[in-house]
Amino acid sequence: MAKLKQAGIRFDLEMYEWLEAEAEKTGTPISALVRGGVVLLRAEKALMTQMRSQIEAQGVTYPSMKRPKAANSAIAGCL
């Protein structure tokens with residue numbers, strides 16, 4: 001059985017209200033909605049990495065393909 005870790009996450013009121021409404025509408029616990037969101041984010045990141053590699057392998061480069069700088073360190077850590 002997989003070992004599970006627990007984490008506390010803070011949401012702004014608008015996000016939390018949306019999560020509550022979605023949980024009630026779908027009958028899915030908020031924690032499951034958050035886990036599902038993380039799974040989608042990881043899949044999107046993997047797809048973007050794969051697409052970037054394919055583009056670079058073709059020798060195509062664009063200024064927008066440069067890695068983010070430390071100025072956006074909170075965002076850059078997620079990419």
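Side chains are part of it too, since the values below use all heavy atoms of this structure and drop only hydrogens, waters and symmetry mates. Start at 1 with the first residue, then count along the sequence.
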Can you run down the salt bridge (charged side-chain N to carboxylate O under 4.0 Å, His left out) pairs that involve residues 12-23, sequence neighbours left out, and say none if there aren't any?
Glu22-Lys25
More than 12 non-hydrogen atoms from neighbouring residues, nucleotides or ligands closer than 6.0 Å to CD on Gln54, yes or no?
yes
When rounded to the nearest 0.5 Å, the distance separating CG of Leu13 from CE of Met15 is 11.5 Å
Nearest 0.5 angstrom please: Ile30 CD1 to Ile9 CD1, how far?
10.5 Å
Using a 3.5 Å cut-off and no angle test, enumerate the donor-acceptor pairs between side-chain atoms of residues 33-44 and protein atoms at least two apart in sequence or in another chain.
none

Excluding sequence neighbours, so at least two apart, what forms side chain to side chain donor-acceptor pair (under 3.5 Å) with Ser53?
none
